[in-house]
**Q** 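Pasting in a structure now, in structure tokens, and then I'll have a few things to ask.
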Protein chains: 2
Amino acid sequence: MKKNKKEAILNAAIKLFSAKGFKETHMSEISKMTGAAEGTIVYHFKNKENLFLTILTEFQENIVAEFARYNKEKKLKTGLAMVEDIISFYLQLANSMEDRFLLLHRHEAYVRAHASAAFRTHLEAIYTCFVDMFERAINLGKKDGSIGVVPARKTAIIIFGMVDAVLRFNTYGLYNAGTLFNELNLASRRILTAG
Amino acid sequence: MKKNKKEAILNAAIKLFSAKGFKETHMSEISKMTGAAEGTIVYHFKNKENLFLTILTEFQENIVAEFARYNKEKKLKTGLAMVEDIISFYLQLANSMEDRFLLLHRHEAYVRAHASAAFRTHLEAIYTCFVDMFERAINLGKKDGSIGVVPARKTAIIIFGMVDAVLRFNTYGLYNAGTLFNELNLASRRILTAG
DNA sequence: GTCTTAACTGAGCGCTCACTCAGTTTTTTA
DNA sequence: TAAAAAACTGAGTGAGCGCTCAGTTAAGAC
């Protein structure tokens, strides 16, 4: 039963980084949680910073894959219906990848992005991915008439931000996302149709 | 020229905490930045955690004061106009208290809030303050007819979240807040009037 | 001027933590 | 099955950190 401690380390690190933060998570904790020696962590990931970057890289790849899958599979009638569906998709995704989204909502990654181009690239890719989804749906809606005259990109950013904010409030324990779900859909519909 | 290093320490700590985070900011850096000895920091604030809490406490008091001042001074014609004005007010406030808002957008404070009731109370007070502002304007608008039938509290949360998201995107260098300002106003107007 | 109190200093201490490395165990290769 | 490669171990190390404390300097009281 040697081998494959790598995966376990990665999973433990995701949990700990998202719950406690980068600096506050210690190699000894990851070690204890996985049963792997600290040396093993270094053996696989070189150092703590690189472990963090590896997690972010995999997360980005996952998101992009989900995005591609969604775009292929889902064929909804109108662009407006698609926007609403993407809101649900996003909230469900956040639910099933809770810890990694928590990581995304931490500020830390953005601090690191200032120093490291790799961090920056990954973060931008993730956000762009989501905004692109909304933008695409808005453009479709403008064509099929379900969405009025709005600037697609900017409106996509606004709506994505609105949804993400609710998610963040939920994460921070300030307001419950579930009770705001209907308002979220209502608000997006109004933003898109009044034009 | 003795005395009043306290203020300097507070200002330096705000800058450093918001730029680098709690754990990543070292007493030695605050010391170097202010010219005060590390012992002086401890003399005034007991320890690092308490220094952080002091900053948050002062910030909350500032916000509440600004809120009270705004509510007394500003008398706009309609509730809808008031909502739009609050959006500007919020963005201006964030601009003039940039570092403290950055602190608010860090996740750290919320992690600490889980352990410390004091942190939690301050954070909730700050958010509640802003949501209250929006809610009050929405209720006024519903009475004067400028705003349609919407659930005031929930809609206030949604709009506040939307505005705060744009601010955060700006902070992270993802999208520019200035170019989204018009869309922000347009979106809020649509959310509030279509009902 | 003298005494008291508050503000301030910085070398030093104890501790934590990321990372090293020489060695062991398992898996793969031939 | 023997040799080579890969995976893994954990005591040890050294750098860095928050905080202490005995002492110094300045401000205010009388």
**Q** What are the two closest non-hydrogen atoms of A:L102 and A:S18, and how far apart are they?
**A** CD2-O, 3.2 Å
**Q** Expressed as a whole number of angstroms, how long is the span from B:N4:CG to C:dC8:P?
**A**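 Computing the B:N4:CG to C:dC8:P distance gives 7 Å.
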**Q** Of the nucleotides D:dC19, D:dC17, D:dG10, which one has an atom closest to the side chain of B:H26?
**A** D:dC17
**Q** Taking the nucleotide of DNA chain C with the closest heavy atom to each, which residue, A:G39 or A:E24, is nearer the 5' end?
**A**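 Result: A:E24.
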**Q** Rounded to the Å, how far apart are A:K5 NZ and C:dT25 P?
**A** 14 Å
**Q** Taking only side-chain N and O atoms of A:K23, does any of them lie within less than 4.0 angstrom of OP1 or OP2 on C:dC17?
**A** no
**Q** Rounded to whole Å, please give me the gap between CD1 in A:I30 and P in C:dC17.
**A**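 Answer to the nearest Å: 12 Å.
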**Q** Report the residue (B:S28 or A:I41) whose heavy-atom-nearest nucleotide on DNA chain D is the more 5′ of the two.
**A** A:I41
**Q** Give a yes/no on whether any side-chain N or O of B:T40 is located under 4.0 angstrom from OP1 or OP2 of C:dT9.
**A**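 So the side-chain polar atoms of B:T40 do come within 4.0 Å of the phosphate oxygens OP1 or OP2 of C:dT9, strictly under.
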**Q** Between the base of C:dC17 and the side chain of A:E38, is there a donor-acceptor distance below 3.5 Å?
**A** no
**Q** Whole angstrom is fine here: how far is it from NZ in A:K48 over to P in C:dT16?
**A** 15 Å
**Q** How many whole angstroms separate atom NZ of A:K32 from atom C1' of D:dT9?
**A**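 After rounding, the gap between these two atoms is 17 Å.
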**Q** Look at A:Y43 and D:dC8 and indicate whether a side-chain polar atom (N or O) is within less than 4.0 Å of OP1 or OP2.
**A**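 For A:Y43, the contact criterion (side-chain N or O under 4.0 Å from OP1 or OP2 of D:dC8) is not met.
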**Q** Taking the side chain as every heavy atom from C-beta outward, state whether A:L186 and B:T155 have any atom pair closer than 4.5 Å.
**A**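 A side-chain contact is absent here, since even the closest heavy-atom pair is not under 4.5 Å.
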**Q** May I ask you to say what B:S31 touches in the nucleic acid, namely base, sugar-phosphate or nothing, with a heavy-atom cut-off under 4.0 Å?
**A** nothing
**Q** Give a yes/no on whether any side-chain N or O of A:K46 is located under 4.0 angstrom from OP1 or OP2 of C:dA18.
**A**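 For A:K46, the contact criterion (side-chain N or O under 4.0 Å from OP1 or OP2 of C:dA18) is not met.
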**Q** Let me confirm one number: the CD1-CE distance from B:I63 to B:M133, rounded to the nearest 0.5 Å.
**A**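 If we round to the nearest 0.5 Å, B:I63:CD1 and B:M133:CE are 9.5 Å apart.
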**Q** Rounded to whole angstrom units, what separation is found between the CZ atom of B:F45 and the C1' atom of D:dG18?
**A**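 Roughly 16 Å, once rounded to whole Å.
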**Q** For the pair B:D132 and B:R153, find out whether any cationic side-chain nitrogen is under 4.0 Å from an anionic carboxylate oxygen.
**A** yes
**Q** Across the strands shown, which category fits B:T34 at heavy-atom distances under 4.0 angstrom: base, sugar-phosphate, nothing?
**A**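 No contact at all - B:T34 keeps every heavy atom at 4.0 Å or more from the nucleic acid.
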**Q** Among A:R100, A:M33, A:E98, which residue satisfies the side chain to side chain contact (heavy atoms under 4.5 Å, CB included) criterion with A:K15?
**A** A:M33
**Q** Check whether any side-chain N or O of A:H44 sits under 4.0 Å from OP1 or OP2 of D:dC8, and answer yes or no.
**A** yes
**Q** To the nearest Å, how far apart are A:N50 CG and C:dC19 P?
**A**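 Roughly 10 Å, once rounded to whole Å.
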**Q** In whole Å, what is the span from the CD1 atom of B:I9 to the P atom of C:dA7?
**A**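 It is 11 Å, rounded to the nearest whole Å.
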